[in-house]
Each structure stands twice: as C-alpha cells, then as structure tokens.
Amino acid sequence: MNIQRWIARRETDWRRLDSLLKRVESKGLKSLPAKEITELASLYRSVSADLARAKTYQIDAILTQDLQNLTSRSYVQIYQGSRQQEWQQAKNFYANVFPTIVRETFPYTLLATLIFFIPALIAWWYIWLDPTFVNLVVPQEIITLVRDENKLWMGSIIGTEPLASSNIMINNLSVSFNAVAGGITAGILTVYILAFNGIHIGSIAAFVAQNNLSWPFWAFVFPHGSLELPAIFWSGGAGLLIARGLLFPGRYRRFDAIKYYSSLAAKLVLGIIPMLVIAGIIEGFFSPSPLIPDILKYILGLGIFILLLLYCQRGKHESS
C-alpha cells in the first residue's frame with residue numbers, strides 16, 4: 001500500500017470529521033441538521049476502518065494516535081449524545097408529560113377510585129353488621145393473630161426486609177399491570193380487580209378497628225399507601241381508558257380509538273412504575289419498623305401525599 005497516497009486520499013474525510021466534532025462538542029449534537037448527523041455517523045465508520053488499517057500496517061504512530069482520538073471523540077458524541085437525549089426525554093416525561101396525562105385522564109381515575117372505595121365502604125359497613133363476614137375475606141392466620149393475640153401481622157417482615165420489599169414490588173406491579181390489561185376484557189377484569197381489592201382493604205380496616213388496632217394499622221399503611229393507592233387508581237383508570245376505546249370509540253374508528261386510548265394508558269403505566277418501586281421500598285423497610293414512632297409514619301405519609309398532589313399540578317398554569 002502506498003502510505004502517502006492513502007493519507008492524501010483520506011485526509012479530507014479526517015478533517016471533515018474533526019470539523020463536525022468541534023461543532024458538536026461546543027454546541028451539542030442537536031446543532032447539526034439531520035444530513036450532517038448522518039454524515040458524522042458515516043465518517044465515524046470510515047475513520048474507524050482507517051484506524052484499523054493504520055494499526056495493521058503500523059503506519060506512523062502520531063497519525064495512528066490522531067485517528068484514535070478522532071474515533072474516540074466520535075464515539076462519545078454519537079453514543080453518549082444519544083443517551084443524553086434519551087435521559088432528557090425521560091426527564092421531560094416525568095417532569096411535564098406525566099402530570100399532564102394524569103390531569104387529562106382524571107375522570108377515568110376518579111371512576112376507578114369510586115369502583116375501589118364503594119365496595120370498600122360496603123365491606124366495612126357489612127363487617128360491623130355481621131362480624132362473621134370477615135372469615136370469607138381475611139386469611140385465618142391474620143384473624144387469629146388480631147383477634148386472639150391483639151397483634152398486627154406486619155412484624156413478620158422484620159428481618160427479611162430486602163426479600164419482603166422485592167416481593168411487595170412484584171405484587172404491586174402485578175396488580176397494576178393486570179388492572180391495565182383488564183381493559184381488553186371491556187373493563188370487566190379491571191373493575192373486578194379494583195372492587196376485590198377494595199373489599200379486601202375495607203374488610204381488614206373494619207376488622208382491626210373492631211379490635212382497637214386502627215392507629216398502628218393505618219400508621220403502617222399510610223407511608224407507602226400514599227403512593228401505592230394512587231398508582232393502583234391510575235392503573236385502573238388506564239384499564240378503563242382501553243375499555244373506552246374498545247366499547248365507545250365515538251368519532252374515531254374503533255382501531256384508532258383503541259390505539260389512542262391505549263397510548264394514554266401506556267403513559268400512565270410508565271409513570272406509575274417508579275411510584276410502585278418507591279412504595280415497595282417504604283413498605284418493606286420503613287412502614288413495619290417498630291423503631292419509628294407511628295406519628296412519624298403518619299407525617300411521612302401525609303407529606304408524600306401532599307407532594308404527589310403538588311407534582312400532579314406541574315405545568316397546569318402554563319398549559320391553561
């Protein structure tokens with residue numbers, strides 16, 4: 001290979017790549033039009049091949065080092081720039097898009113909340129009328145522990161916090177995803193999951209109240225429940241959105257309606273995943289801890305819920 005002729009032929013591309021990189025390094029990848037971004041990627045591949053050839057033929061060490069620097073700079077800008085853009089998009093989603101979606105889909109979330117709380121209140125009322133009903137809803141070991149020993153069951157988490165926390169996250173995510181997926185059953189499964197969980201928590205709440213354990217029970221529930229319950233309601237709302245597209249497409253074609261409402265549902269799901277992860281950590285490590293006074297658990301739960309409400313108002317005034 002004629003080294004000098006090869007260098008003369010390839011040097012134009014090296015200089016062009018260096019020029020593009022300097023612009024990107026000073027102003028960012030977005031400063032380049034689409035055509036030049038494509039050119040940058042193409043030049044990166046060709047210069048990488050030049051570097052391999054320079055190493056193979058043991059061409060001048062300084063030139064090889066220059067080519068190495070070019071390829072390294074190109075890699076950083078192309079791939080790190082791409083990752084930075086992805087992080088920026090994720091940041092924008094959680095900072096602005098998700099709160100907007102929450103407000104836009106509020107009627108569906110409200111309906112899901114009512115589907116949960118109405119059965120919960122009915123179960124609460126019925127257990128006060130007929131205490132034997134609790135045997136149909138609450139596991140027997142919990143009944144024995146609360147009624148006979150006047151203790152709550154959360155102490156079983158102590159000593160197994162990491163395992164308990166991961167199991168709680170998996171369970172919460174499973175309930176939420178099933179509530180969303182239930183939309184494809186015309187919302188029947190979504191309504192069932194919400195109502196069943198409402199009956200369950202309403203029954204347990206009434207049962208612990210009958211045994212004078214409401215204060216420690218709600219001290220356990222409130223810290224993580226301030227995130228977990230809204231996340232479940234949003235999941236239920238997402239399932240109802242899918243059911244809406246399936247049953248009541250309105251002015252859309254049915255396929256377009258399902259696509260549109262499923263897109264809104266997917267954004268809700270994407271937003272609640274971090275909430276359920278955080279709730280699982282709190283429920284596994286903080287809520288059951290006997291070292292933390294109950295009053296602090298209530299304060300934390302209230303604080304988290306207030307912050308969540310404020311978060312959901314982000315961008316409201318700017319968009320209105």
>> Applying a strict under-4.5 Å side-chain criterion to I, L, V, M, F, W and Y, I'd like to know whether V175 and I204 cluster together.
In response: no
> Does the side-chain contact (heavy atoms from CB on, under 4.5 Å) test come out yes or no for V138 and V146, once each step is laid out?
Replying inline: CA-CA 11 Å; V138 181; V146 172; over 6 Å; no
What donor-acceptor contacts under 3.5 angstrom involve side-chain atoms of residues 261-281, with partners at least two apart or in another chain?
residue: Y261; atom: OH; partner: R244; partner atom: NH1; Å: 3.4
residue: Y261; atom: OH; partner: R244; partner atom: NH2; Å: 3.1
residue: S262; atom: OG; partner: I258; partner atom: O; Å: 2.6

> Passes side-chain contact (heavy atoms from CB on, under 4.5 Å), L213 versus N150? Steps please.
Replying inline: CA-CA 8 Å; L213 291 173; N150 200 237; 4.0 Å; yes
>> Could you check whether any side-chain N or O of D13 sits under 3.5 Å from a backbone N or O of V47, counting only pairs where one atom can act as donor and the other as acceptor?
In response: no
Indicate every side-chain donor-acceptor pair of residues 229-238 with a distance under 3.5 Å to a residue at least two apart or in another chain.
residue: S235; atom: OG; partner: S176; partner atom: OG; Å: 3.4
residue: S235; atom: OG; partner: A231; partner atom: O; Å: 2.9

>> Can you tell me how far apart CD (E25) and NZ (K22) are? Round to the nearest 0.5 Å.
In response: 9.0 Å
> If you round to the nearest 0.5 Å, how far is OG1 of T56 from CZ of R53?
Replying inline: 8.5 Å
> Out of curiosity, L129 CG to W124 CH2, how far, rounded to the nearest 0.5 Å?
Replying inline: 12.5 Å
> F220 and I295: same hydrophobic cluster, using ILVMFWY side-chain contacts below 4.5 Å?
Replying inline: yes
> Between S174 and I170, is there a donor-acceptor pair closer than 3.5 Å when you use the side chain of the first and the backbone of the second?
Replying inline: no
> Mind checking whether I292 and L300 have side chains closer than 4.5 Å, heavy atoms only?
Replying inline: no
>> Here's a test for you: under side chain to side chain contact (heavy atoms under 4.5 Å, CB included), which of I304, I306, I299 qualifies with L302?
In response: I306
> Any donor-acceptor pair under 3.5 Å linking the side chain of R103 with the backbone of C312?
Replying inline: yes
>> For S287 versus H224, what's the shortest heavy-atom pair and its separation?
In response: OG-ND1, 3.0 Å
> Is a side-chain donor or acceptor of T38 paired with a backbone partner of A34 at a separation under 3.5 angstrom?
Replying inline: yes
> For F93, does the CZ atom sit with more than 12 other heavy atoms under 6.0 Å from it, leaving out its own atoms?
Replying inline: yes
>> To check you understand the geometry: which heavy-atom pair defines the closest contact between S226 and P223, and what is its length?
In response: OG-O, 3.0 Å
> Just one of W128, W125, Y126 clears the ring-ring contact (aromatic ring centres under 6.0 Å, His included) bar with F133, so which one?
Replying inline: Y126
> Taking the side chain as C-beta and beyond, is there a heavy-atom pair between E36 and R16 under 4.5 Å?
Replying inline: yes
>> Quick check on the hydrophobic clustering: are W6 and Y57 connected, directly or via other members, by side-chain heavy-atom contacts under 4.5 Å?
In response: yes
> Are V221 and L308 connected in the hydrophobic side-chain network, where two residues link if heavy atoms are under 4.5 Å apart?
Replying inline: yes
>> Whether the side chain of Q210 engages the backbone of I127 through a donor-acceptor N/O pair (distance < 3.5 Å, no angle test) should be reported.
In response: yes
> Are any non-hydrogen side-chain atoms of F207 and R147 less than 4.5 angstrom apart?
Replying inline: yes
>> How long is the straight-line distance from CD of E39 back to CG of L20, given to the nearest 0.5 Å?
In response: 5.0 Å
> Between the main-chain N or O of L43 and the side-chain N or O of S46, is there a donor-acceptor pair closer than 3.5 Å?
Replying inline: yes
> Angle class for the F222/Y298 ring planes (parallel below 30°, perpendicular above 60°, tilted otherwise)?
Replying inline: tilted
> Is it true that D18 and R15 have a side-chain N and a carboxylate O under 4.0 angstrom from each other?
Replying inline: no
> Looking at CG of N135 and CD1 of I143, how far apart are the two atoms once the value is rounded to the nearest 0.5 Å?
Replying inline: 4.5 Å
> Considering residues, nucleotides and ligands other than Y94, do more than 12 of their heavy atoms fall under 6.0 Å from its OH?
Replying inline: yes
> Taking all non-hydrogen atoms of both residues, which atom of A95 and which atom of R314 are closest, and how far apart?
Replying inline: O-NE, 2.6 Å
> Does the side chain of L152 come within less than 4.5 Å of V208's, by heavy atoms?
Replying inline: yes
>> I'd like to know whether W14 forms a side chain to side chain donor-acceptor pair (under 3.5 Å) with D50, so could you lay out the CA-CA distance, the side-chain angles of the two residues, the decisive distance to 0.1 Å, and finally the verdict.
In response: CA-CA 10 Å; W14 303 339; D50 292 340; 2.8 Å; yes
> Stepwise, does the side-chain contact (heavy atoms from CB on, under 4.5 Å) test hold for Q313 with L309?
Replying inline: CA-CA 7 Å; Q313 300 302 311; L309 291 178; 5.9 Å; no
> With the 4.5 Å side-chain cut-off for hydrophobic clustering, are V102 and L111 part of the same group?
Replying inline: yes
> Rounded to the nearest 0.5 Å, how far does CG of L114 lie from OG1 of T109?
Replying inline: 11.0 Å
Sequence neighbours excluded and cut-off under 3.5 Å, please list the side-chain donor-acceptor pairs for residues 188-202, or say none.
residue: T190; atom: OG1; partner: A179; partner atom: O; Å: 2.6
residue: T190; atom: OG1; partner: G183; partner atom: N; Å: 3.2
residue: N197; atom: ND2; partner: I193; partner atom: O; Å: 2.7

>> On a heavy-atom basis, which atom in G187 and which in A243 lie closest, and how many Å separate them?
In response: N-CB, 3.6 Å
